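Each remark here refers to the structure printed beneath this line.
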Amino acid sequence: GCYAQLKPEEIANIHGVDLVLGAAEKFNITQHLKELTKSNVAKICSCDIEEVTAFNSSWSINDRTRTFLKVQDGCNYNCSFCTIPMARGKSRCDSINNIIAHATQLAKAGVKEIVLTGINLGDYLTPTFPLTPALSTSGEGEGRNFYSLIQALEKLDGIERFRISSIEPNLLTNDIIEFVANSNKFMPHFHIPLQSGSNKILGLMRRRYKKEVYIERVNLIKKLMPHCAIGVDVIVGFPGETETDFQETYDLLHSLDVSYLHVFTYSERENTAALHIAPVVPIKVRHERNKALRNLSYKKLNHFKEQHTGEIRKVLFEAQSRNGLMEGYTDNYIKITAFFKPELVNQIVDWKV
Ligand code: SF4
């Protein structure tokens with residue numbers, strides 16, 4: 001992962017380590033293992049992150065029901081708290097034709113739901129690739145951005161559900177929201193990082209939107225899809241975050257019609273611009289703010305579930321049985337637990353929430 005690219009020597013010095021592979025070389029792991037000879041010194045195979053430009057397709061294969069398919073990697077943004085661009089390199093992505101081919105293969109393996117993932121998914125942008133005629137609606141040159149990708153996937157037979165994992169608010173266009181609202185396959189569920197409800201802090205974080213953009217996106221989603229789940233990433237304790245700034249974040253999240261929060265406590269990362277921002281927020285205060293937002297998240301999630309209790313919604317049940325129980329998710333991402341029934345595994349069924 002990122003650690004091996006950012007600090008290969010540190011890992012090489014850990015007792016028992018034989019080989020450290022950076023961001024590009026990890027995809028050649030089988031070759032490296034074949035060539036590895038026992039030595040007292042760990043071997044480091046890594047290059048400068050600027051040289052990492054290739055896209056390597058990957059997807060999770062441990063759960064036949066739901067698969068995470070990587071369609072984009074790297075990031076061209078420079079958020080002041082983030083080391084990901086240093087560890088994963090510039091933004092790059094798979095071609096639409098390749099993604100369609102992978103999704104077709106997954107459908108044949110019995111997968112019902114694909115979650116599209118990437119480091120900065122909304123920044124999906126390919127050079128001009130002609131689509132195969134069967135998938136193209138207007139011919140050459142189509143299929144260059146994320147909107148084109150989801151249009152192409154909607155036409156694919158075999159996969160019944162798609163989800164968009166996480167998308168920056170500035171890249172979540174009205175086109176994408178309207179498309180999902182009218183789609184039979186893209187689930188009413190978005191995960192949109194906010195990070196702070198204070199425009200001052202968003203500026204210090206070098207995020208590419210103001211809170212007003214975020215509010216607009218949420219309002220449009222809920223206008224078109226009142227049942228839609230919306231998850232939010234938020235960071236507390238960023239340097240310079242005063243009590244007033246935090247309250248602004250809290251009040252915004254309280255007022256927004258979102259379903260759950262992923263709350264992160266800011267922690268210092270080497271070589272990031274945020275290290276030079278003052279004043280630092282004391283650790284104790286960071287934890288108090290984290291707790292306040294986690295409590296808010298708990299209430300929001302309960303409220304969201306209560307809004308849909310009693311409704312009949314489509315649930316995709318997953319394969320694992322734990323203590324005689326099985327789990328699945330509704331279209332709008334409400335987790336359902338039921339008594340295990342083998343005939344429900346990997347089936348989409350109408351279910352009373
Ligand atoms: S926080 Fe996300 S958008 Fe910002 S630099 Fe990191 S990966 Fe890119």
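If you read the sequence from its start, that first residue is 1, and numbering goes on from there. When a ligand or atom number is given, it counts from 1 through the structure's own listing order. As the structure is a prediction and not an experimental result, all values here were calculated from the model.
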Worksheet item: Among the heavy atoms of Arg207, does any lie under 4.0 Å from an atom of ligand 1?
Response: yes
Worksheet item: Going by the angle between their ring planes, with limits at 30° and 60°, are Phe162 and Phe186 parallel, tilted or perpendicular?
Response: parallel
Discussion item. Working note: Glu306 + Lys300, criterion salt bridge (charged side-chain N to carboxylate O under 4.0 Å, His left out); need CA distance, chi angles, decisive distance, verdict.
Written reply: CA-CA 10 Å; Glu306 276 163 19; Lys300 291 237 162 226; over 6 Å; no
Discussion item. Determine whether Leu69 and Val115 satisfy the following criterion, side-chain contact (heavy atoms from CB on, under 4.5 Å), listing intermediate values before the conclusion.
Written reply: CA-CA 6 Å; Leu69 175 62; Val115 184; over 6 Å; no
Fill in: Sidechain-backbone polar pair: Ser196 side chain, Leu202 backbone, donor-acceptor under 3.5 Å
no
Worksheet item: Hey, is Glu327 close enough to Lys335 for a salt bridge, meaning N to O under 4.0 Å?
Response: yes
Discussion item. I need the protein N, O or S atoms closer than 2.8 Å to atom 6 (Fe) of ligand 1, given as residue plus atom name.
Written reply: Cys82 SG
Discussion item. I'd like to know if Lys200 and Glu241 make a salt bridge, using a cut-off of under 4.0 Å between side-chain N and carboxylate O.
Written reply: no
